[in-house]
Amino acid sequence: MIGMETWKICGLALVALVVFTVVRQSGRDFEVPMKLTAAVVFLGMILGLVRPLVAYVRQLLSAGAVSEYANILLTSLGIAVLTGICADVCRECRETGLASYVELAGRLELLLLCLPLIKDILDSVSVLVTSA
Amino acid sequence: MDVSLILKVAGVGLLVAVCAQILAKYGRDEQATFVGIAGILVVLVMLVDRIGELFASVRDIFGL
């Protein structure tokens with residue numbers, strides 16, 4: 001049912017807030033594991049929302065002539081989401097160096113993924129130039 | 001994946017904090033440190049499967 005997931009996430013955030021505050025007062029060792037747990041639980045619930053959305057977009061784009069490009073688009077979206085999640089968790093635990101490594105890896109892989117598209121563009125430009 | 005995981009981790013955290021405080025009060029600081037490390041390892045063991053599930057579902061959804 002639409003809307004129920006938002007209620008669950010909001011309630012869970014408030015429960016997690018109280019639990020974090022109690023645990024933080026008793027010792028600082030458990031800050032990183034608690035943040036990691038919260039990230040895993042919340043992102044698991046959010047991905048449940050993303051799944052039908054991406055399936056719908058994939059279905060829409062699979063029919064046309066752009067299906068090859070749609071695959072590249074969705075794959076790059078996945079890489080961006082994955083590296084974004086990791087980098088956010090690292091940054092929240094005050095490890096900005098790790099976060100920037102993860103983001104750099106994601107950017108480089110996106111660039112690698114885009115190389116065939118750049119080649120396509122250059123090919124069509126060269127066709128235009130030679131025909132003119 | 002539910003609120004139970006957060007509560008489990010919080011329970012382990014509170015238990016470890018209490019044990020560490022008791023051990024430190026009786027002058028066994030080394031054992032208190034070991035208890036803290038053991039607690040973090042227990043939580044990580046609980047989390048590793050979930051992190052794997054999360055990454056697997058991202059790969060599944062976006063077709064990586």
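Side chains are part of it too, since the values below use all heavy atoms of this structure and drop only hydrogens, waters and symmetry mates. Throughout, protein chains are lettered first and strands after them, A, B, ... in sequence-line order, and every chain is numbered starting at 1. Keep in mind that what you see is a predicted model, and the values were worked out from it rather than measured.
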Colleague: With a 4.5 angstrom heavy-atom cut-off, is it the side chain or the backbone of B/V16 that approaches chain A, or both, or neither?
Modeller: side chain
Colleague: B/F55 and A/C86: which non-hydrogen atoms are nearest, and at how many Å?
Modeller: CZ-SG, 3.7 Å
Colleague: Do A/E31 and A/K35 meet the salt-bridge criterion of a basic N to acidic O distance under 4.0 Å?
Modeller: yes
Colleague: To the nearest 0.5 Å, how far apart are CZ in B/F62 and OG in B/S57?
Modeller: 9.5 Å
Colleague: Could you give the side-chain donor-acceptor pairs of residues 69-82 of chain A under 3.5 Å, partners two or more places apart or in another chain?
Modeller:
from: A/Y69; atom 1: OH; to: A/D120; atom 2: OD2; distance (Å): 3.2
from: A/N71; atom 1: OD1; to: A/R58; atom 2: NH1; distance (Å): 3.2
from: A/T75; atom 1: OG1; to: A/N71; atom 2: O; distance (Å): 2.7
from: A/S76; atom 1: OG; to: A/I72; atom 2: O; distance (Å): 3.0
from: A/S76; atom 1: OG; to: A/L73; atom 2: O; distance (Å): 2.7

Colleague: Name the option with the most non-hydrogen atom pairs under 4.5 Å to chain A; the candidates are B/V18, B/L47, B/V12, B/V43.
Modeller: B/L47
Colleague: Given heavy-atom pairs under 4.5 angstrom as the criterion, report whether the side chain, backbone, both or neither of B/I37 touches chain A.
Modeller: neither
